**Student:** 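Structure incoming, see below.
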Amino acid sequence: MEFNSFAEFIAMGGHGLYVWLSYGLTAVVIAWNVAQPVMRRRRLLKEQAQRLRREKKHDAKA
Amino acid sequence: MPASSGQTTIDLEARQLFCERDDRVLFDHLDLRVRNGDLLQLAGPNGAGKTTLLRLLSGLNRDFDGELLWHGEALYDDYSGYASLRLYQGHLAAVKKALTPLENLSWLVSQWSVAEDDLWQALDAVELGGYEETPCQQLSAGQQRRVALARLCVAPAPLWILDEPFTALDKYGVTWLEQQLQKKVESGGAVIITSHHALENIASLQQLELGSVRA
Amino acid sequence: MPASSGQTTIDLEARQLFCERDDRVLFDHLDLRVRNGDLLQLAGPNGAGKTTLLRLLSGLNRDFDGELLWHGEALYDDYSGYASLRLYQGHLAAVKKALTPLENLSWLVSQWSVAEDDLWQALDAVELGGYEETPCQQLSAGQQRRVALARLCVAPAPLWILDEPFTALDKYGVTWLEQQLQKKVESGGAVIITSHHALENIASLQQLELGSVRA
Amino acid sequence: MWQWLKRLYHRLGSPKWFYEITAKWIPWLAIISVVGCVTGLVLGLLYAPADYLQGNSFRIIYIHVPAAILAQSAFMMMAIAGAVYLIWKMKMAAWVAKVIAPIGAGFCLIALFTGAIWGKPTWGTWWVWDARLTSMLLLLFLYFGVMALQQAMDSEESGFKAAAILALVGLVNIPIIKYSVEWWNTLHQPATLKLTEKPSMHPDMLIPLLIMIVTTYVFFALLVILRTRNEILWHERKRSWVKDILEP
Amino acid sequence: MSLGLVGATIRRDLTLAARNPGEWLNPLMFFLMVAALFPLAVDPDPKFLSKIAGGVIWVAALLATLLSLDALYKADVEDGSLEQWLASGESLYAMSLGKALVHWCISGLPLTLMAPLLGLMLSLPADAYQALIFSLLVGTPVLSLLGAVGAALTAGVRSGGLLLSLLILPLYIPVLIFAASAVYHAGIGMDYKGQIGFLGALLALAACLTPFASAAALKLNLSR
Amino acid sequence: MSLGLVGATIRRDLTLAARNPGEWLNPLMFFLMVAALFPLAVDPDPKFLSKIAGGVIWVAALLATLLSLDALYKADVEDGSLEQWLASGESLYAMSLGKALVHWCISGLPLTLMAPLLGLMLSLPADAYQALIFSLLVGTPVLSLLGAVGAALTAGVRSGGLLLSLLILPLYIPVLIFAASAVYHAGIGMDYKGQIGFLGALLALAACLTPFASAAALKLNLSR
Ligand code: HEM
Ligand SMILES: Nc1ncnc2c1ncn2[C@@H]1O[C@H](COP(=O)(O)OP(=O)(O)OP(=O)(O)O)[C@@H](O)[C@H]1O
Ligand SMILES: Nc1ncnc2c1ncn2[C@@H]1O[C@H](COP(=O)(O)OP(=O)(O)OP(=O)(O)O)[C@@H](O)[C@H]1O
Ligand SMILES: [Mg+2]
Ligand SMILES: [Mg+2]
């Protein structure tokens, strides 16, 4: 273990801002990268299921 | 259909029009008058000046000699009054490919205030029902023209000026449009049209043959 | 006219063509065969796929399933051989506005070798005599189309594939073009055409009705 | 062997097969990503010794280098997928190529951001026009170009093809960019700024880095699969097997 | 409903931009790239760059605006929308102003927001950032307004992009000189209020006068 | 007669350029103007300028070429000429090469001839003129060839001008770097054969390979 306390870990020997800023930005990009396809998948499934229901109703009428 | 054309009086008159293009006289001493119930077809060979005359009559082109009167007064004295009563449809459809038929139609009639429901009905009338929210680039040439023509159903303008409106329409479309023209003049509106298509079915048709310019 | 179409045998065959656009099937199990003396008109409502089929047959669009044969062999095996024997005219005229009809026509036939005299005669035949050296932007819509159609008189291609060639033509132009089609098939050539215009006058006309896609 | 390859090719070309098989892979890939990331970061952030020159700021390396490497390999994969689509018209390849572009651009952005931030404490400036930095920036532009071209086309299919052509042309360009820029830089300004390359890294530093690199590849695969599945769902939405998924 | 044609057109143009993000992203990327050309072509030394940074950023902003102008009216002329504006009888002055406004929203505004990043990359002196943003905020609307006149004039011309640049670049020179000088002076710690004030005056003038010119130019396109 | 379609197209394009001098004059004027912007935006001191002259001239040449590329295939796609090329069954490879050649004749060549004048205006060191001309002579054809690929890719896209720049600029960077470095080295009295040699190699590579890409890209535009 290189660090003796949590505060020291956060400080990163004075470079804390830089290290955590890069890790933070990376986390944001990664989170977006994961969230985007998951959300898209949900929306897709919902929309397509809706479309199918609409078409079924339409067919039933005809 | 909210077109309240019966009430408005239409009286568009041209006196002694003269127009030349590139030193070639297209027409001279041309007189015409259009009133409620008239359907005027401009005929003539390619290059005779039909499009040019239509643009003069609709006020888009002011490059001519002679007089152009609306209700007896110079057309340009109250151009925006005239503009709100006449619908002009040129060669070009003013349809944006990235937008849907509904969005396009809504823009095309934004000059008047038209309820959204009427727009849906109009698109249905031109057989675009079901395509209302498909981007126009996915439609065929004829379907795109229909978006612009759907305007005829909803715009409250008593006078229509149409340049080759039958372009790219199939036979159902042609029949539909002929019916619209018929209805329009029967309900007291008026139409000026150019078309190479024969319009014999309509009773009150008048033809104006523009001079031939062939060599 | 130097079209020596009588000699060449024409044999274009399509077997079990299938084509879809945006997940909508335009045609399926489509068979057709065109030989010397045939005139085939593709008919159908807007969006039926007429243009699409013409482009397949002329080899411009290769996005389909099925077989396309020229003299019994796959069309693309000797595409440039096929290309020199068939003339394709699409919606677009390929006419440059800054050039004269003569220059445009000369480019349009540069694939074959055609004598300059013939070009003048062809322009005369489409009633552009006198306009040979006027820049095309000064011509009307119909006159510009005629420049492209003048090609029909001079290009030594036995098979014509024409998409809506009557667009923007006046009645003289229409008659002239109908005569050309007639002459072509009589002299042993062949024509595939789309048009919303009725072609009843021509004896050997065959029609292919493409499926309706209306809602 | 040949037969086996052919079978694999046909299977990969089948959206349905891909969709079904990857459903089983996803949990594994996700677990490997998380475990790899946690071990890598714990080892790298807590246990690796501080660099004797840069101190603790060097810990940025554990995201910077994997991201930089991945951004480059992703471009290559995108170009290869594009070529497969152009040559064999395999739709799956087009979808994969389309899907890689935003992911690769994301990693490229990470590499640029972390590099810029790292530059501040080490070089005293956010940005210099050094060979590597410049070629990375150009790589980002190429990614954006591919994405912009793809969505500018009227029909999706032309978009795929155009993007594939551009990716291939861009691929040829990558080594050229890299070497030309290097030559230009060493010519114009003497090597004042060099990336800190020591002949051999301390194993305690190196191992977490290797773990992170491998993990990043796995994570990348996961992202590509997730997005490709969406593309499949959308493009095959009218087929019966998708309908069955939609309403079980 | 009943926004009138001008309102409807503004809404339609924003919808088009939203549906086709390239319309506003591409100028932004171009801006970045042109600015990146200079260090590569001239000299990547940060000291040297910090001296030219303001000027380079402004030249890049100017060129990016210029290129995005080409499309402003072109599509409307070609598909007949312009004809419909004229046929509607509504004020072309309002229409031109509306179009310039939309253009600024999708080009000038994003450029301004992106500029600080470029400042970092070109080692812009820390004191100059404020001046850079202010000058862009006041200066880019002038570029849009002036540019709209050129776009209207060249809308009917086939390869209008280049012609447009030729017409408009000379008019952009005053904006460029004052804006670049504001940034430069801020960088060496001097006052730059005068230059920004001048840019503000240019903006007021342009907002009042250029729509007349645009409207007149648009009418020309109809004699096609 | 009987030049074949490729020959006829080259002749037609040259005729068009002759009839519409804007096509080759506009890039030239743009070239001049962009180069003139710099002294205004940055610093008009001749000593300073002489240091950046080579780079600025090359950046200007690059941007001028870029802008003139937009029109290369666009008109041909829109009016149906491209359809006719494909229908003719003649080689698209030859056609693409021919088009790039014509483009160079009406943009790169005039630029090269005009460059010394700009050198004077920007106080280019006397030793650098030869390098400037050589680098332009060998470098601008590469720009035309690479650019033609981008032009073919974006020919069917409405506001393609900006998109084209976006695609092509990264590909132009190597040319820019070597050319600018040749001029710079010549200016300080050093040898620049290496850079010109590299540009020559790029030219050979581009002449062989890019027409394939252009031809493939042109086919795309037909699915409209
Ligand atoms: C925006 C700025 C930066 C960019 C775009 C950048 C880009 C890159 C790239 C492309 C690689 C190569 C990965 C590979 O293919 O092996 C890399 C590796 C590396 N970078 Fe950076 N970098 C930046 C700033 C920095 C800074 C400031 C440092 C530290 C002083 C740094 C340290 C490293 C190290 C140590 C490697 C690994 C070298 C190796 O083993 O090959 N980078 N970076
Ligand atoms: N932009 C123009 N510049 C100069 N002359 C033109 C222009 N447009 C058309 N003309 C000329 O004006 C005449 C009339 O053209 P117009 O477009 O009105 O004909 P038209 O009757 O509508 O023909 P068509 O049936 O072909 O549409 C033509 O003979 C043409 O030579
Ligand atoms: N660029 C395109 N992208 C996607 N779909 C298209 C495209 N062009 C046409 N389509 C679709 O293909 C179908 C056939 O179009 P095509 O142009 O072949 O019709 P057509 O029979 O020639 O009609 P028209 O009589 O209107 O010319 C249309 O329904 C249209 O929706
Ligand atoms: Mg007309
Ligand atoms: Mg059609």
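Computed from a predicted model, the values in this text were never measured in an experiment. Side-chain atoms are counted along with the backbone in the values below, which use heavy atoms only and exclude waters and symmetry mates. Order of the sequence lines fixes the chain letters, A, B, ..., with proteins taken first and strands second; residue numbering starts at 1 for each chain.
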**Student:** For D:K120, is the NZ atom crowded, meaning more than 12 foreign heavy atoms sit under 6.0 Å from it?
**Tutor:**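 Yes, the 6.0 Å shell around NZ holds more than 12 heavy atoms from other groups.
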**Student:** So if I take each residue of residues 30-38 of chain E and look for any heavy atom under 4.5 Å from a heavy atom in chain D, which residues do I end up with?
**Tutor:**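 E:L32, E:M33, E:A36, listed by number.
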**Student:** Measuring heavy-atom distances to chain E, does D:L140 have an atom under 4.5 Å in its side chain, in its backbone, in both, or in neither?
**Tutor:**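 Nothing of D:L140, per the 4.5 Å heavy-atom cut-off to chain E.
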**Student:** With a sphere of 6.0 Å drawn around OH of D:Y85, does it hold more than 12 non-hydrogen atoms of other residues, nucleotides or ligands?
**Tutor:**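 Atom OH in D:Y85 is packed in, count exceeds 12.
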**Student:** Tabulate, in ascending numerical order, the residues of residues 108-129 of chain E having at least one heavy atom closer than 4.5 Å to a heavy atom of chain D, or enter 'none'.
**Tutor:**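 E:L120, E:M121, E:L122, listed by number.
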**Student:** Examine whether an atom of D:A152 lies under 4.5 Å from a heavy atom of chain E, and if so say whether it belongs to the side chain, the backbone or both; otherwise answer neither.
**Tutor:**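 For D:A152, no heavy atom lies under 4.5 Å from chain E.
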**Student:** Does some side-chain heavy atom of E:L25 sit less than 4.5 Å from a side-chain heavy atom of D:F144?
**Tutor:**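 Counting from C-beta outward, D:F144 and E:L25 never come under 4.5 Å.
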**Student:** For atom CZ of E:F134, is the number of surrounding heavy atoms from other residues, nucleotides or ligands below 6.0 Å larger than 12?
**Tutor:**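 Open: at most 12 neighbouring heavy atoms sit under 6.0 Å from CZ of E:F134.
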